[in-house]
Novice: 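One structure follows; several queries about it will come next.
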Amino acid sequence: MQFQIRKENRILRCEGNLDIRSVEELHTLLSEWFNRNGQLTLDLSAVESCDTAGLQLLYSARKQIARASKQMEVHAPSAAIEKAALTLGIPLEAFGMGVSGV
Amino acid sequence: MYNPIETFLQEAEDLLIEIESAALEMSNGDTSPERTNRLFRAFHTIKGSGAMFGFDQVADFTHHVESTLDAVRSGSLAPTAQLASLLLLAKDHIKLLLSAGQSGDPAGIETGRKLIDDFHALAGTVATETETLPDMTEEVSWEIEFRPAPNLLSCGGNPALLFRDLAKLGPCEVRAHLDDVPALGDIQPDLCYLWWTITLRTSAGENAIRDVFIFVEDESQIDIKAPAFVMAPVSTGETATAAVPRANTPLSSEQASQAPKPTAKEATVRVPANRLDRLVGLVGELVMNQSRLAQAASKFDSAELALPVEEIERLVAELRDDVLSIRMMQIGTIFGRFRRLVHDLSQELGKEVELKTEGEETELDKSILDQLAEPLVHLLRNSIDHGIEPAAQRVAQGKPRYGTISLDASHTGSGVVVTVEDDGRGLDGTAIQRKAVEKGLIPADANLSDKEVFNLILLPGFSTAQAITSVSGRGVGMDVVKKQIDALRGSLVLASEPGKGTRISLTLPLTLAIIDGLLVEIGSDQFIIPMNAVMENVELPGADRLRGNGRNVIAVRQELVPYIDLREVYQLGGERPPIEKIVIVQQEEQRVGLVVDRVIGAHQTVIQALGRFFRDIDIVSGSTVMGDGRVALILDIPGVVRRANQSPDDSATTYRSAA
């Protein structure tokens, strides 16, 4: 499925493939959203596949928000995200996520 | 339309060329690990890509070659000339399979199986269908640091897959390092800022680990260390060196710096040859039409017209030179092929021969190069078959055991000279003359110079081969070579010293498409004489026409030069001017004059082929369109010289019968 972002009640919901092909778009979206709203809350439950570039971007977003002394909130990382993080040796805590937490 | 299979086949061909050259170096005694690695990677890539594109037979076969090379890499098999020969046969087999297409070649299964058995016999192993892991029982804990190139992700690389492959070798722990990842405001999302340390426990050996990274290792940094020879997991940062399981596997810290990186690929573009031909054709027409434009413009006394026309002339000349230079290729591309040929022929004929080459960078037009390969192959075969003596005989004569054939290419300003020289037994003038008399080619009492005797072998139907070997074949004699060289508007000169060797010199033009010509006129007809053959012009006052030896001759500085009267040959009729001109041309060592009315001057001539019906005309090789739209014929100098050597009775026949 194509990558999509839905804005629902100030939560960004990512759907589809979070990978090298969609990171450019996501990068732009995340930057704009954060600049406008000063916060970032992601719902990752509908991410179907995720690769190195995708996880890298999520981490980059977290770093950006930490600079503003804010927290990035990530809700419900999908199984795909968990699997990618495990394979690539990146702990979910790095994104501020607990394991399959809310 | 983009066809990935075409790309695969093209790249496979390149790899096979690399394999052949590396295998030949191995058979010459080069046993460096770098060579072995190159070979391994080439076969590995063919295997992988072959499987990916459905060439299963290729992949299955190549797998076995790869295993054998793996054994060489790990030191359990020596890289010998015998292995090199097998590798060459494998290369041939793969080439065959590739050309059979994805469905494979059922006829090749038997050959393939035999080769596979030979490989395994050499390695002392048994052929199995499954991937065999090297026979190691000790588990080692490896610490791997993987720093990929930043463009890894955008080039389709996927670290997750790499780690998955590593995990197949044994339990492994992957740790990503995120410290280099920039914040959102600074990040370029398609670059890879992550790097990893991986701890892997496996008995598979270092090569198996390196193989996981084989497709990314060129641009990434991969360090593989074996910090401890223990089962327990190793803490990061420890570089304690413990005993390495195999004495001949060097510690990876010595290999931390990769093998010398190949020089950066030159930026090149692959272009289908027929597109280039079209381009050359278009440029040719542009040249001709520009010439007509210039002529027409000169009739108008307008600076406004003259200036751009002059500028166009300059630009067209530059375009012509640039396009022709695109077609230039280094002669080294066919020299490479010959190494294999000499290697195979020496084995087949039981001779020991070494090929030396020089001037590989010398450039020639591609179409000349394509047509040059065959005659050169003939010359090499002749050298090995008839020239080079068997090793024992050479040693008995005080010659070095190995015969040497030297292939040399160099530029001479207007052309390229290619020489094939051997240090064999040389041409036997007496035997040649005897044979020529036998075949009725010369009278029994003919008194010939050495050079003339040697040139006898260029006559059709001549062969002094005692036995017709499968190599030299039936009657593929020097006359065929001569014809092929003539067709390229080149020349061939023989030199030889009995007992010492033979040298054959080929002179070739730089290009076939456009030549510098001398424009001449007879009556209202125009002809072009290739400038590189023109020696000088002299006058022929009507009173000075002589006849000697039954031929038309003129005295030029005490030398008698035969001439051809083109007006007669072409039955052009018309009035002769009181003083005619003779253009003296030289072909190899012979000079001939061409009688014309007027010599007009130099003319850049775009050659147009004459067409099927006119192909066998003896003294004309092509035509060109002049500025005013008329057609001028381009004279073929070898043909002209041949004509001049005939008796005057023959000159009445203007057309030679089709060969």
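Below, read A as the first sequence line, B as the second, and so on, with proteins coming before strands; counting in each chain starts at 1. What you see is a predicted model, and the numbers here were worked out from it, not measured in a lab.
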Novice: For the pair B:Phe146 and B:Trp196, name the ring-plane relationship: parallel under 30°, tilted 30 to 60°, perpendicular over 60°.
Specialist: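 If you compare the ring of B:Phe146 with that of B:Trp196, the planes turn out parallel.
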Novice: Taking salt bridge (charged side-chain N to carboxylate O under 4.0 Å, His left out) as the definition, give me every residue that meets it alongside B:Glu145, ordered by chain and number, with sequence neighbours left out.
Specialist: B:Arg147
Novice: Which bit of A:Ile20 is near chain B, if near means a heavy-atom gap under 4.5 Å: side chain, backbone, both or neither?
Specialist: side chain
Novice: Is there a donor-acceptor pair closer than 3.5 Å between any side-chain N or O of A:Ser22 and the backbone N or O of A:Asn17?
Specialist: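 Yes, the answer is positive, given that a donor and an acceptor are paired below the 3.5 Å cut-off.
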Novice: Sort out for me which of A:Thr87, A:Leu88, A:Ile90, A:Leu57 touches chain B most, counting heavy-atom pairs under 4.5 Å.
Specialist: A:Leu88
Novice: Could you go through the side-chain contact (heavy atoms from CB on, under 4.5 Å) check for B:Ile46 and B:Leu16 one step at a time?
Specialist: CA-CA 9 Å; B:Ile46 292 179; B:Leu16 287 177; 3.9 Å; yes
Novice: Output all residues satisfying salt bridge (charged side-chain N to carboxylate O under 4.0 Å, His left out) with A:Arg13, sequence neighbours left out; order by chain, then residue number.
Specialist: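 For A:Arg13 the salt bridge (charged side-chain N to carboxylate O under 4.0 Å, His left out) partners, ignoring immediate neighbours, are A:Glu15, A:Asp43.
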Novice: Given the options A:Gln56, A:Arg21, A:Glu24, A:Lys63, which has more heavy-atom pairs under 4.5 Å with chain B than any of the others?
Specialist: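 Among A:Gln56, A:Arg21, A:Glu24, A:Lys63, the one with the most close pairs to chain B is A:Gln56.
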Novice: If only side-chain N and O atoms count, and only distance matters, is there a donor-acceptor pair under 3.5 Å linking A:His75 with A:Thr41?
Specialist: no
Novice: Quick one: list whatever passes ring-ring contact (aromatic ring centres under 6.0 Å, His included) with B:His44, sequence neighbours left out.
Specialist: B:Phe40, B:Phe215
Novice: Using modelled atom types only, decide if a donor and an acceptor are shared between the side chain of A:Ser78 and the backbone of A:Val47 within a distance under 3.5 Å.
Specialist: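 Judged by distance alone, yes, a pair lies under 3.5 Å.
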Novice: Using heavy-atom distances under 4.5 Å, tell me whether B:Pro159 contacts chain A through its side chain, its backbone, both, or neither.
Specialist: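 Both the backbone and the side chain of B:Pro159 come within 4.5 Å of chain A.
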Novice: Checking an interface table here. Which of residues 186-195 of chain B come within a heavy-atom distance under 4.5 Å of chain A?
Specialist: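 B:Asp186, B:Ile187, B:Pro189, B:Asp190, B:Leu191, B:Cys192, B:Tyr193, B:Leu194, listed by number.
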Novice: Give the member of B:Leu152, B:Leu153, B:Ile198 that has the highest number of heavy-atom pairs under 4.5 Å with chain A.
Specialist: B:Leu153
